[in-house]
Peer 1: 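Sending over a structure as C-alpha cells; questions will come in a sec.
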Amino acid sequence: MCGIVGVITAEGGVGDVLSKALKRLEYRGYDSVGVATVNENKLYIKKDKGKIDEVNERLNLTDVPGRTGIGHTRWATHGVPSKRNSHPHGDCKNRLAVVHNGIIENYSELKERLTRNGHIFLSDTDTEVIPHLIEEKLNSGLTGFHAVLEAVKELKGSYAIAVLIADHPDKIYVARNESPLVIGVKNKNYVFCASDIPAFLPITNQVIFLYDGEVAELSLEGVVIRNLNGEVVEREVLEVDLTPEMAKKGGFPHFMLKEIFEQPKALKNTLRIDERKLIEVCKILSESNRIVFTSAGTSFYAGLCGKYFLANISRTGSEAVISSEFDEIMKNIIDERTTVVAISQSGETSDTISAAKYAKRFGAKIISISNTVGSSLTRLADATVYTQAGPEIGVAATKTFLVQLGALSLISSKLAEFKGVITRDEYKTLLNDLNTIPEIIQLILDKTEGEVKASTEAYYNSTSILYLGRGISSAVAMEGALKLKEISYIHAEGYAAGESKHGPIALISTGFPVVFVAPMDSTHNKIIGNIMEMKSRGARIISVIEEGDEEIKSISDTVFRVPKTSDNFFKQIVYIVPLQLFAYYIAVRKGLDPDKPRNLAKAVTVA
Ligand code: AGP
C-alpha cells in the first residue's frame with residue numbers, strides 16, 4: 001500500500017502543499033518518497049529512499065517550481081526501498097512522470113515488450129512500465145488523456161495512478177482499479193487527487209470518488225471522468241464529514257478494525273504472487289530433506305498452518321519451530337539439505353533473524369515470507385515471498401496473518417504441482433478455490449460483524465477463555481486466543497481440541513467460555529465430541545461454524561457463522577476473521593485501545 005497525491009493550485013507553493021499532503025498519508029507507506037512538478041513545460045523530480053522528513057531535510061521537497069505536481073510515499077511491493085525504485089517514475093525522454101499505488105500483475109510481459117521496443121528501464125518496480133506505456137501512446141499521436149486511457153487498458157492488476165505530462169502543465173491525469181483514489185476540489189483554486197481523503201482534508205472536504213475502471217482529467221477548470229470505453233461519466237461532488245484522524249482510519253474507530261476490513265483486498269493482492277517466484281521457492285523446497293518453519297507470535301501460528309498445508313496439499317513433511325527455540329531444537333540435526341521457511345511480517349523480529357542466521361551457519365537454505373520489502377530477514381534469505389498487505393499500523397497482527405496463510409497456500413499448491421502430486425489443471429482448480437476466499441471474507445465482514453459485536457456483552461467480563469480446534473483449525477484457534485489476550489488482557493489459550501481431555505478440561509466449571517473453530521471438514525464429527533465434553537461440564541460454547549451447520553448450532557450458546565465454502569484445503573483460513581472481530585469488540589467493550597495494547601511492540605527487534 002502506498003500513498004499517492006496530486007494537486008493543481010492557482011495559489012502557487014505547490015511543493016509545500018504536496019509535502020504536507022504526503023505527510024498526512026505517511027501511514028500508508030514510508031520507505032521512500034518523491035515529488036514531481038511541471039513548470040513551463042519542463043518536469044522537475046525529487047525523490048529518495050527514506051521517511052518524508054528525512055528526504056525533505058536532504059532534498060527540500062517543498063522547493064519545486066510550478067503549480068501542478070504529484071507525489072508518492074512508498075510501501076515497497078516490487079524492488080527494495082532505494083532512490084532508483086522510489087516514485088515518481090518517468091519515460092525515456094523525461095516528458096512525463098507517474099506515481100502508482102497497487103500491483104501491476106502483467107508488468108513482466110509489458111516490461112519485456114517495452115524493452116524490446118527500445119525503452120530503457122531504471123528501476124526494479126512494476127510501476128515503471130506505466131510511463132513507458134504512456135510514452136508509446138503519445139508517440140503514436142494520442143493526446144494526453146487518450147494516451148493515458150489507452151495505456152491503462154493494457155494494465156492488469158490493481159492501480160491508482162497520477163500522471164504529469166510536461167506538454168500539459170495545467171493538467172493531471174488519474175486512473176484507478178481496486179486501489180483507492182479520491183479527488184478533492186475547492187472552487188477554482190485547488191484540485192487534488194489522493195489515495196485517501198486525509199491528504200487534502202485540511203484544505204477541502206469537497207470530494208469526488210473515482211470508481212474502478214475510470215480515468216479522469218483534472219484541471220482548475222474542472223474534472224472530466226471517463227470509463228475505459230472513453231464515455232464521459234457524470235459524478236457528483238460530495239461533502240465529507242470526517243476529522244483528519246478519522247479519515248486516516250478510513251472512518252473506522254481504530255486501525256485494527258480498518259485492517260480487519262482490508263483483508264479481502266490484501267489477500268487478493270497477495271494471491272498475485274508471480275508464478276516464477278513460486279517456482280524458485282519450490283525448487284529449493286523440493287531439494288530439501290528437511291523443511292522447518294520458524295517464526296514468532298502470530299507468524300508462528302501461520303507456520304503451524306503451513307505445516308498442515310504442505311502435508312495436506314503437497315504431501316510434504318515439515319515441522320514448525322518457535323524461532324526463539326530454534327537453536328536448542330535444531331542444533332544437532334540441521335545441515336545443508338535443510339530449508340528453513342522464516343515467516344515475519346516485519347522482517348525485523350530478532351528471534352526469527354537469529355534463527356535464520358543460525359541455520360545459515362550450517363549451510364541451510366532460507367526462504368523468507370515477509371510483508372516488508374528489503375527488511376533484514378529478506379536480505380538474509382535465498383528467496384523471499386512477499387505478502388501484499390500494506391503497512392499494518394495496529395500492533396495486533398490481523399491482515400498480515402491472513403496474507404501469510406494465503407502465501408503458504410499458494411506455495412503448497414505450487415509445490416504439489418511441482419512434485420507431480422497434482423496436475424496443472426488441478427493446480428489451477430486450487431488457484432480458483434483460493435481466489436474465492438477474498439469474497440468469502442468480505443461476506444463474513446458484512447454478515448458476521450454485527451453478531452460478533454453483540455455477543456461480546458456476554459463474554460467481555462471473562463477471566464479466561466479456551467480456544468479449541470482440530471487439524472489446521474487448532475492453529476487458527478491458537479491465533480484467535482493470541483488476539484484476545486494481547487488486546488483485551490483476558491487470559492486465553494489455544495489448544496488442539498483432542499488434547500483438552502489431557503488436562504485443560506480441568507479448567508472447566510459452570511459458565512467457563514470455550515471457543516470452538518468448527519468448519520465442516522474432516523474434523524467436524526470429532527469436534528462435536530469435544531464440544532459435548534465441555535458442555536457436559538457446564539462450559540459456555542462459542543462456535544465458529546459453517547452457515548447451515550444446525551448440529552453444532554444446536555449445542556452452542558453463541559455461534560459465528562461463516563459462509564459455506566467449496567470443500568477445499570483452504571476453508572479454515574477464513575475462520576480467523578470472526579475471532580479477530582471477537583477480540584477487537586471485547587477490547588473495545590472493556591474501554592481499551594486495540595491499536596496500542598500495553599507492553600507490546602509492533603516488531604520485537606530485541607531478543
Ligand atoms: C501479533 O499480534 C503480535 N503483535 C506478535 O506476536 C507478532 O506476530 C510477532 O512479534 C512476530 O512478528 P513478525 O511477524 O513481524 O515477525
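Counting starts at 1 for both ligands and their atoms, following the listed order.
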Peer 1: Measuring from each atom of ligand 1, which residues have a heavy atom under 4.0 Å away?
Peer 2: Ala296, Gly297, Thr298, Ser299, Ser344, Gln345, Ser346, Thr349, Val395, Ala396, Ala397, Lys483, Glu486, Val604
Peer 1: Which residue pairs pass the ring-ring contact (aromatic ring centres under 6.0 Å, His included) test when at least one of the two sits in residues 347-370, sequence neighbours left out?
Peer 2: Tyr358-Phe362
Peer 1: Going by distance alone, is a donor N or O of one side chain under 3.5 Å from an acceptor N or O of the other, for Ser82 and Asn85?
Peer 2: yes
Peer 1: Is it the case that the side chains of Thr352 and Ser323 hold a donor-acceptor pair, with the cut-off being a distance below 3.5 Å and no angle test?
Peer 2: yes
Peer 1: For residues 284-309, which residue pairs qualify under salt bridge (charged side-chain N to carboxylate O under 4.0 Å, His left out), counting only residues two or more places apart or in two chains?
Peer 2: Arg290-Glu319
Peer 1: Which residue, Lys483, Gln263, Glu259, forms the side-chain hydrogen bond (donor to acceptor under 3.5 Å, both in side chains) with Gln580?
Peer 2: Gln263
Peer 1: Which residue pairs pass the ring-ring contact (aromatic ring centres under 6.0 Å, His included) test with at least one member in residues 261-311, sequence neighbours excluded?
Peer 2: Phe252-Phe261
